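To keep things clear, I will list the structure first and then write my remarks on it.
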Protein chains: 4
Amino acid sequence: MRKIVLSTMLALAVALFALPALAEGPVKTMPGDITLVQARVVLDAALKKAVETKVPVNIAVVDAGGNLKAFYRQEDAFLGSIDISIKKAVTARYFNMSTRTLGAASVPGQPLYGIEASNDGLILFAGGVLLVDKNNVIVGAIGVSGGSVDEDEVIAKAGAAALLK
Amino acid sequence: MRKIVLSTMLALAVALFALPALAEGPVKTMPGDITLVQARVVLDAALKKAVETKVPVNIAVVDAGGNLKAFYRQEDAFLGSIDISIKKAVTARYFNMSTRTLGAASVPGQPLYGIEASNDGLILFAGGVLLVDKNNVIVGAIGVSGGSVDEDEVIAKAGAAALLK
Amino acid sequence: MRKIVLSTMLALAVALFALPALAEGPVKTMPGDITLVQARVVLDAALKKAVETKVPVNIAVVDAGGNLKAFYRQEDAFLGSIDISIKKAVTARYFNMSTRTLGAASVPGQPLYGIEASNDGLILFAGGVLLVDKNNVIVGAIGVSGGSVDEDEVIAKAGAAALLK
Amino acid sequence: MRKIVLSTMLALAVALFALPALAEGPVKTMPGDITLVQARVVLDAALKKAVETKVPVNIAVVDAGGNLKAFYRQEDAFLGSIDISIKKAVTARYFNMSTRTLGAASVPGQPLYGIEASNDGLILFAGGVLLVDKNNVIVGAIGVSGGSVDEDEVIAKAGAAALLK
């Protein structure tokens, strides 16, 4: 764990030295949050998996604050899944767990039954997965929608795994 | 009960004498409604319990009108629980019972099944508790979200109890 | 500027070492984002100024992701200003400038006329101010509503200034 | 013009022959609509221009149906511009003209004054531009937000131009 902390410090140090030395205003992006370069690596890995499994999907990536960072929709992917993929990513980050895990606690008879009435609509089936970087920091989430929920989750996990390579 | 009624009358009398004798406009706040000072006492007591139980939470206090009075979010508390904590407090006050009690009447097969579709979304699991003052008047509610629903309710009750000290 | 960067690194290093050495899961809060302790310092300073100026207000603090962190409503503050104070804070952070500055660019004849139709409603008059920490990083925003827009902004600035002490 | 029509017919013919001969269901995507490959070409060209002009932006691409196809947010781009960039693209496609052109007709005293109250919010300043393919068919729109409206439009036009190369 100490190794991870040290690694995090080094990464942040690099990020900070990369700041413009003569910036006129304050720093606008929380150092360490997911970058567009990282988000595209995640999207590309998920897209590759989607093509392999022949499941046309929508793929959304949100940052640590739950705000949309990047998005792709493949041909033939459901239009109704644009919103679902984004909500899956938001849901995963909002509760720091996969939508599969949250969903299991939200069915009738379980403690969180009815939670989807909050936050302007949550998605409680599989396909939303946290994005954790190499420093073990949650930097956002990925949401995939278009296939079966199991297919969606496989694709989302492929995206999330790419952040650790 | 007579004792409580007398006590309420006294409290209201004090509140009314405290009104500015030469106020230019009408009185804007319902005499006896929760004050910010009281709301902070509630928040602080709930926060103390949250720290003791090591459960990072969102804590919301609404007044007798069901409107937000004060709110705290601890580090690491779910972002998705901002809305849930507020909705728990609102739900408790809107129906003058804990969200646990209302939830039990709202599961499939029970009389209020589907009630969460009203009021732009209610929350029907534990963690929303009424705030009753020393005069036995409901002055609002507290909603806590971030841990298990049982943990949330323990923290909410600790907040509510502080109003009676 | 180098001094600020070094100072930021030190602050982050302290924050990171403060992480639990044996945490079981990933880090959940972006290191460096506003803490509840800081948010309360901001609220208290704004509240003090509101009391001094005898303007009852709503005060909202959001974090770097634009999510609600803490909130107070004083007695006699407009109920309709709960939402406005939160939207002022969100608006300031969403565009990294005060709502006064954004508003000036959004009146008829100016380039951003009509921008309030986005983001489920922005507030384009004074009272929303960025929160910048000692390391020159934007860590959120404060929104104040209840008095004249000039009064609101004075109170918001008093809150923001407390973060630099 | 005849040349364009012939070219369109050829393109559609190619697209149609490419359909799976034994597809089990009906064709799901309008032949000729923007593809993800095209959307990424548009995003990359806009991103290149944004980097050149040092304006951090949000870039959204919608298809001919006005539905989100792809999206990028650069570091330091306004969070409030996520929604604005998408709404700019939607607005341009909904009215088949640039948001600059529509905006000019929507200021006080002009015929479309107040149009932004429709469609859950339109954006009426520059930065939304139509995407027209080599066959002179509108296949969607691009919306850019983050800089001045003139900067946004330059970036959007660079994205749109890439579709014709």
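In this text, all values refer to a predicted model and were calculated from it rather than measured experimentally. Proteins come first, then strands; the chains are lettered A, B, ... in the order of their sequence lines, and each starts at number 1.
Contact of C:N67 with chain A is made through the side chain alone, with heavy-atom distances under 4.5 Å. Contact of A:N96 with chain C is made through the side chain alone, with heavy-atom distances under 4.5 Å.
Here A:D33 is the residue among A:V132, A:T29, A:D33 with the most heavy-atom pairs under 4.5 Å with chain C.
Under the rule for a salt bridge (Lys or Arg N to Asp or Glu O under 4.0 Å), A:D120 has no partner lying at least two apart in sequence or in another chain.
With hydrogens and angles ignored, the 3.5 Å screen pairs a side-chain donor or acceptor of C:K88 with a backbone N or O of C:V144.
For the side chain to side chain contact (heavy atoms under 4.5 Å, CB included) criterion with C:R93, the lone passing option out of C:I142, C:I138, C:L131, C:D63 is C:I138.
C:V139 has its side chain within reach of C:L163: a pair of non-hydrogen atoms, C-beta onward, lies under 4.5 Å apart.
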